[in-house]
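First the structure, in the form of structure tokens, and then the observations on it.
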2 protein chains.
Amino acid sequence: MLTFTEENYLKAIYRLSDGGSKAVLTNEIAEIMSTKAASVTDMVKKLSVKNLIGYEKYYGVTITREGMAEALMVIRKHRLWETFLVEKLNFSWDEVHDVAEQLEHIQSGLLIEKLDEFLGFPTSDPHGHPIPDRNGKIQEVRQHPLSESPLNKKRFVRSVTDGSPSFLQYLSKIGIYIGAGIVILEKVEFDGSVEILIDGKKKVFISRDAAQNLLVTD
Amino acid sequence: MLTFTEENYLKAIYRLSDGGSKAVLTNEIAEIMSTKAASVTDMVKKLSVKNLIGYEKYYGVTITREGMAEALMVIRKHRLWETFLVEKLNFSWDEVHDVAEQLEHIQSGLLIEKLDEFLGFPTSDPHGHPIPDRNGKIQEVRQHPLSESPLNKKRFVRSVTDGSPSFLQYLSKIGIYIGAGIVILEKVEFDGSVEILIDGKKKVFISRDAAQNLLVTD
DNA sequence: ATAAAAGTTTAGACCGGTCTAAAAAATATT
DNA sequence: AATATTTTTTAGACCGGTCTAAACTTTTAT
Ligand SMILES: [Mn+2]
Ligand SMILES: [Mn+2]
Ligand SMILES: [Mn+2]
Ligand SMILES: [Mn+2]
């Protein structure tokens with residue numbers, strides 16, 4: 001049984017490793033966890049004796065199979081809870097993350113299975129992120145940043161890369177949501193901003209930054 | 001903002017003080033919290049500087065208004081979560097306590113208000129215990145142990161005093177649930193056991209112990 | 001009233017997690 | 001190749017919570 005803190009480190013390492021494919025540096029972990037490098041070194045030693053990560057002094061860490069499995073379970077719980085909060089309790093998508101950050105650490109296999117069932121075995125959370133199944137399997141959908149999409153082709157919003165409340169609130173305000181249909185009407189070469197048409201109805205300008213954080217499919 | 005541990009101590013002290021009416025001894029707290037007296041003394045000092053309890057060395061502690069308010073909020077969350085688990089996730093009443101023991105510490109006012117609403121503002125939990133409202137108000141129902149009820153009068157099960165899984169499972173097995181109608185057919189003077197009729201259908205013998213742990217109303 | 005027993009607190013230690021300051025190793029610059 | 005810079009680790013401390021062992025206070029028994 002992992003501690004609250006161990007779970008959070010593992011989740012961070014999993015994220016930074018791009019799903020287990022690359023080594024992660026001490027400072028990166030410190031950054032994303034909002035702690036100091038010294039604290040990371042300590043924790044990383046603990047996780048490595050538990051065989052959740054491989055650790056080579058001065059060369060960063062690599063997450064192991066077991067570590068990934070644990071991380072994926074935490075992510076599963078996080079996303080199921082976010083889905084619950086939005087679907088059942090009428091939270092808006094910008095309000096759920098912090099609460100899910102707490103709920104993801106509740107220890108009960110039964111609870112998470114029952115919650116999954118109650119929600120109808122959802123495959124993605126309110127931000128379009130895939131929910132790992134009970135075996136940690138995630139069904140990835142190939143999606144691209146809206147910023148890389150061509151002009152005048154209809155695309156559908158599938159997820160956001162930045163899930164900060166301010167970005168999500170902004171999206172809601174201008175009428176963008178998961179599933180929205182979007183056509184790029186014009187690209188401004190100078191600053192990368194684009195004019196888009198949302199659901200064939202509303203024209204708005206969004207910045208390059210915003211366009212990069214919207215992932216779409218055909 | 002209280003820590004996980006402070007909340008648990010406060011809840012224990014509230015319980016032992018009979019709703020704030022009597023002083024609580026160090027060893028009682030240690031017992032119910034499964035810790036040692038020395039640990040209790042330490043924590044009790046911390047809670048008293050926060051004005052959540054009054055503490056007089058060697059003479060036990062008394063819970064303050066603020067302490068009670070905090071305790072009641074934890075109890076509110078505990079019971080709302082238990083209700084959620086049974087009503088929405090199909091847990092049985094003997095499976096919910098330990099999970100609720102974790103969920104009760106999630107910090108989010110919005111969450112608990114939305115949960116309350118989602119559940120239809122329930123006033124009692126799966127064990128018949130009253131759920132404090134957002135102001136900490138509990139609506140008490142006068143109820144008596146089944147063991148003190150007279151012969152041949154119909155009573156209704158309102159709550160259980162012992163909520164242990166084994167007792168709850170036993171009750172389910174013999175057909176007793178919150179709301180069940182019960183008539184005492186015979187009392188055995190010797191050991192206090194009673195023969196009862198459940199819902200006018202099923203006759204069973206239960207021990208004095210069991211009869212004392214069932215609270216009923218007319 | 002004195003001694004024994006029971007209950008409580010203090011002293012000092014440990015664990016998990018964090019930090020700062022200093023040392024060490026790796027990388028970049030010249 | 002030597003030096004400067006950046007990154008990482010170590011050493012030592014602190015905090016919240018816990019424990020054991022010893023000291024102290026209160027209660028009970030004689
Ligand atoms: Mn999230
Ligand atoms: Mn977390
Ligand atoms: Mn309970
Ligand atoms: Mn608790």
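First the proteins, then the strands, lettered A, B, ... as listed; each starts at 1. What you see is a predicted model, and the numbers here were worked out from it, not measured in a lab.
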Degree of bending in the helix from dA1(C)-dT30(D) to dT30(C)-dA1(D) once both end axes are built from five pairs, to 10°: 10°
In terms of ring plane angle, is the pair His129(B) and His127(B) parallel, tilted or perpendicular, where the classes change at 30° and 60°? tilted
Geometric class of the Phe4(A)/His105(A) ring pair [parallel <30°, tilted 30-60°, perpendicular >60°]: tilted
Of the residues in residues 23-31 of chain B, which ones touch DNA chain C at a heavy-atom distance under 4.0 Å? Leu25(B), Thr26(B), Asn27(B)
Heavy atoms within less than 4.0 Å of DNA chain C: which residues of residues 99-106 of chain B have one? Give them sorted by number. none
Closest approach to the side chain of Tyr59(B), judged atom by atom: which nucleotide of dT27(D), dA25(C), dG7(C) is it? dT27(D)
I'd like to know whether Val61(B) forms a side-chain contact (heavy atoms from CB on, under 4.5 Å) with Leu25(B), so could you lay out the CA-CA distance, the side-chain angles of the two residues, the decisive distance to 0.1 Å, and finally the verdict. CA-CA 7 Å; Val61(B) 305; Leu25(B) 273 27; over 6 Å; no
Does Tyr9(B) have any ring-ring contact (aromatic ring centres under 6.0 Å, His included) partners at least two apart in sequence or in another chain, and if so, which? none
Can Lys88(A) be said to sit on top of Phe118(A)'s aromatic six-ring, NZ or CZ under 6.0 Å from centre and within 45° of the ring axis? yes
Within 45 degrees of the ring normal and closer than 6.0 Å to the centroid, is that where the cationic atom of Lys45(A) sits relative to Tyr55(A)? no
Identify the heavy atoms of [X] and [Y] that sit nearest to each other, and give their distance.
X         : Y         : result
Val160(A) : Gly163(A) : CG2-CA, 4.3 Å
Trp81(A)  : Ala100(A) : CB-CB, 4.4 Å
Pro132(A) : Leu72(A)  : CG-O, 3.7 Å

Can you sort out the partners of Asp94(B) under salt bridge (charged side-chain N to carboxylate O under 4.0 Å, His left out), two or more places apart, ordered by chain and number? none
Might you work through the side-chain contact (heavy atoms from CB on, under 4.5 Å) test for Glu101(B) and His97(B), ending with a clear yes or no? CA-CA 6 Å; Glu101(B) 206 56 48; His97(B) 182 77; 3.1 Å; yes
Respond yes when some side-chain nitrogen or oxygen of Lys57(B) is under 4.0 Å from OP1 or OP2 of dT10(C), and no when none is. yes
Can you see if the side chain of Lys45(B) gets near the phosphate of dT9(C) - specifically, an N or O under 4.0 Å from OP1 or OP2? no
Given atom OH of Tyr58(B) and atom P of dT25(D), what is their separation to the nearest angstrom? 6 Å
Is any NZ, NE, NH1 or NH2 atom of the basic residue among Glu113(A) and Arg134(A) found under 4.0 Å from an Asp or Glu carboxylate oxygen of the other? yes
Can any side-chain N or O of Thr41(B) pair as donor or acceptor with the backbone N or O of Ala37(B) at less than 3.5 Å? yes
For every nucleotide of nucleotides 11-21 of chain D, 5' to 3': is a protein heavy atom under 4.0 Å from its base (B), only from its sugar-phosphate (S), or from neither (-)? -----SSBBB-
